[in-house]
Amino acid sequence: MSSSHARTETLHPSPARRLGSWLRNPWGRPRFLWAVAIAYMAWSLLPVAIAVLFSFNSTRSLTSWQGFSTQWYVGNVSSVWDDPVLLDALTQSLKLAALTVLIAVPLGVTFALALDRWRGRGSGTANFVMLFSFITPEIAIGVALFLFFVQVAEGIGPGFTAQLMGLSMFMMAYPVIVVRARLLSIGKEYEEAAMDLGASPLESLRRVLLPLLAPAIFASAVIVFAASIDNFVISQQLSVGADTQTVPILIYSSARRGPLPSLNALASLTLFASTLLIAIAALAYRRRTRAQRAVEHGVRPLQVPLGS
Amino acid sequence: MTERAEAGATGAWFPRWFWPSFAAPASLWLLLLFLIPFYVILAIAFGDIDPIFLTPTPVYSPLRWDVTAFRDLVSSIFTSGSIYQNAFTHTLLFVSVASLLCLVIGYPVAYFLARHAGRWKTLFLVLFLAPFWISYMMRMLAWINLLQPSGYVNRILESLGVIEAPVAWLNGKPLTVILGLTYGYVPYMILPLFATLDRIPSSMLEASRDLGAGGVPTFRRVTLPMSRQGILAGLVIVALPMFGDYFTTTLLAGTRNTAMIGNLIQTSIQSSLVQTGASLVLILLALLIVPMLYYLRATERAEELFAA
C-alpha cells in the first residue's frame, strides 16, 4: 500500500508534496531533506571558500576575480610575509595558542583524573565551577579578567601573560571533557593489574594509564590549539596595543576599513593550519584507538601498549 | 565501614590525598582566574568612584557595598528610549529571532544527518563540523566581502531582478545582524539536535506507524517530543554566546541603533565608565543564570545516563 503511495508521489512531485513526503515516509527517498542539507552546506562553506579564493586574487580587489597569484602571501609589500603587522599577528597567534596548549592540557588532564577518581565533596564543586566557567558568555569572563589584571594583579597587568593565563583557564574544559570520556571507557582494570604486579601508584599511572590516555590527550591538545588560535573575545579584552594583537583581533579591527586580499590570506593561513592539525589528529586518534580496541578485544594480548 | 568500601572501589592502593591533589593546580587556576575576577566585578559594581579622577575604587567587603549606582543603571534600563533600553531590546530581538532561525535551519539538517545521510554520514558530519574550526572572524570577513556594495550578493540579486540598485547591507541593517548571528551560531545548534535525533530508535517510528499513525502524526507525537531535550539544549547553546556577542553587530552593522548589550559593556569599559560596565556584566549574568543552570543540569543528567 505504501509503495503505491510512493509511486504516485514520484509521478506527481510538487514542492509541498515533497515536504510532506519525508514526514509521511521517513524511509522513502528524502529529496527535500537532501536539498536542505546541500543548500545548508553551500551556505555554510561557500562564503569561506570564496574568501580563501580571493586571497589568491591577482589584484587588490575582494569583489571581482582577476586571476591567480600568491602575491598576498609573499612578494607584495603588504603581503602576509612582508607586512610586519600581519606577520606579527600570525606569530603572536601561534605563540599564544601553543603556550595555551602547554598550560591548559596538563591542568585539564590532571583535573579530569582527579574528578574521575576522587569522589569527595570538593570534586563536585570543582567540576561545577569548571563547567560554569565554560558556558559563561566570554565577554563576562573577558571583562572580569581585564578588571582583575588592572585592579588586583597589577604587577602582571593586561598583556600577553594575562592573555595566556585567561585563555588557559577558559580552554581547560576541553581536555577535562575529552579525557573524562576516555577514562570512563577505559575503566580501572589495567591500573589495578599493574599494581597487582607490583607497580607503585605513580608508576601505574605513568606506564599504564597515561599511554592509554595518550590519544585523548593528543586530541584535546589539538582542539585547544584550534580554539585558541581562533579565540577573539578573551584575547581582545586582555590585549594592549600592537604587541598583543592576534589574527582574530587584527581581522576584527581592519575588516571594515577596506582591507587588502592579504587579510584574507592571513585568515586562510590560520584556517590551513587548524585544518591540517585536525586532520592529523583525527587520523592519529583513529589509528591509536583502533590498535587499542584490538588489544582490548584480545587480538594481540602481548602488545599491551606499555610506555610506547 | 562504608568509607573503606568506597576506597576499595576507587583503588585501595592509592593514599587518600593522592587523587584530590591532582585537582589542586586546576582548582587554583579556576579560583585565581575565574572566581576572584568575578568577585572583582562585584566589588567594582557595588564599589566607590573616586570623586576627582572618576576612577572606580573596588570595595571588597560586602558589608560596605553601595547599590545606588547599580539601581540607577537598572532603572535607566527600564526608562524607555534610553540607550540602555534600546540595546537590551535589540539584544532580545536579535537573539530570539536568530535562535529560532537556527532551530528552523538546524532541525531538518540534523534530521537528515541522523536518518538519511546513510553511507555519506561521516563525510557530511565532517563538513557540518568544519565551521567549528574555521575562525568566527574569518567567517564574518567572508560575509563582509560578499556584502560589499559591489560584492557578489548585490550582483546576484541585481541580475535576478530582486533589487534595482546595490543595497548597503553593512550599514546598520538589523536583518544583516540577525542573519550574521544565525550564520555564526547555527553549527552549535545542529550538534545537540543530531545527538538526540540519532538516539531515537527507528523501532519507535516503526511502532508508531504500525499503530496506524501517518507520517505527520508520527513526527508530531513521537519524533518531536523525543527531541525536545535536544531542541532546548540547542536553543540554550546558541542563545548564551549570542547574548554576549558584540563583534558580529560591530562588523556587520557598526551603527549605534544596532548596538547590543555586549557593545554597551565594551564601550563602557573602554570609555572608563568601568562601574557601569561591571554592573552590565552582572545584569547580563542575572538574565542568563537560569538557562545556564538548566544547561548544566541537562548535561549532568546526560552524563549520568551515559555512565549508567
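Naming convention: chains lettered A, B, ... in sequence-line order (proteins, then strands); numbering from 1 in each chain.
- Proximity to chain A (any heavy atom under 4.5 Å) is shown, for B:A23, by both the backbone and the side chain.
- With hydrogens and angles ignored, the 3.5 Å screen pairs a side-chain donor or acceptor of A:R256 with a backbone N or O of B:L170.
- The closest side-chain heavy-atom distance from B:I41 to A:L147 is below 4.5 Å.
- In this structure, the portion of B:L285 lying under 4.5 Å from any heavy atom of chain A is its side chain and not its backbone.
- The closest side-chain heavy-atom distance from A:P137 to B:M242 is not below 4.5 Å.
- If you measure heavy-atom distances from B:L293 to chain A, the contacts under 4.5 Å come from the side chain alone.
- Looking at B:L35, only its side chain comes within 4.5 Å of chain A, counting heavy atoms on both sides.
- No side-chain heavy atom of A:L33 sits under 4.5 Å from any side-chain heavy atom of B:R115.
- When each of B:L32, B:I289, B:I261 is scored by its heavy-atom pairs under 4.5 Å with chain A, the top score falls to B:L32.
- Within the 4.5 angstrom heavy-atom criterion, atoms from both the backbone and the side chain of B:I134 approach chain A.
- For a residue to count as touching a neighbouring chain, one of its non-hydrogen atoms must lie under 4.5 Å from one of that chain's; by this rule B:I44 touches chain A with the side chain only.
- The aromatic rings of A:F54 and B:Y152 sit tilted, their planes meeting at an angle between 30° and 60°.
- Taking the six-membered ring for Trp and the full ring otherwise, A:F232 and B:F247 have centroids separated by under 6.0 Å.
- Both the backbone and the side chain of A:L113 come within contact range of chain B, judged by heavy atoms closer than 4.5 Å.
- Here the CG-OG1 distance, from B:L147 to A:T63, works out to 12.0 Å after rounding to the nearest 0.5 Å.
- Rounding to the nearest 0.5 angstrom, the gap separating the CE atom in B:M138 from the CG atom in A:L266 is 9.5 Å.
- If you measure heavy-atom distances from A:S123 to chain B, you find no contacts under 4.5 Å at all.
- Within the 3.5 Å criterion, the main-chain N or O of B:V109 finds no donor-acceptor partner in the side chain of A:Y40.
- In this model, a donor atom of one side chain and an acceptor atom of the other lie less than 3.5 Å apart for A:Q236 and B:Y246.
- Looking at B:L288, only its side chain comes within 4.5 Å of chain A, counting heavy atoms on both sides.
- Two residues are said to be in side-chain contact when any heavy atoms from C-beta on lie closer than 4.5 Å; A:L145 and B:F38 fail this criterion.
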Evaluate the criterion side chain to side chain contact (heavy atoms under 4.5 Å, CB included) for residue pair A:W34 and B:W120; output intermediate values, then yes/no. CA-CA 11 Å; A:W34 272 93; B:W120 302 102; 3.5 Å; yes
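- Proximity to chain A is absent for every atom of B:V236, based on heavy atoms less than 4.5 angstrom apart.
- Looking at B:P20, both its backbone and its side chain come within 4.5 Å of chain A, counting heavy atoms on both sides.
- For B:Y39, no part sits under 4.5 Å from any heavy atom of chain A, backbone or side chain.
- At a 4.5 Å heavy-atom cutoff, the contact between B:I144 and chain A is made by side-chain atoms alone.
- Residues A:W43 and B:I105 meet the side-chain proximity criterion, which asks for heavy atoms closer than 4.5 Å.
- Proximity to chain A is absent for every atom of B:T55, based on heavy atoms less than 4.5 angstrom apart.
- In this structure, the side chains of B:S27 and A:M130 stay at 4.5 Å or more apart for every pair of heavy atoms.
- Within the 4.5 angstrom heavy-atom criterion, atoms from both the backbone and the side chain of B:T250 approach chain A.
- With a threshold of 4.5 angstrom between heavy atoms, B:L127 approaches chain A through its backbone and through its side chain.
- With a 4.5 Å cut-off on side-chain heavy atoms, A:F149 and B:L33 count as touching.
- Separation of atoms CE (A:M41) and CZ (B:F124) is listed at 5.0 Å; rounding is to 0.5 Å.
- Counting heavy atoms from C-beta on, the side chains of B:F34 and A:F170 never come closer than 4.5 Å.
- Once rounded to the nearest 0.5 Å, the distance linking CG of A:D230 with OH of B:Y136 reads 12.5 Å.
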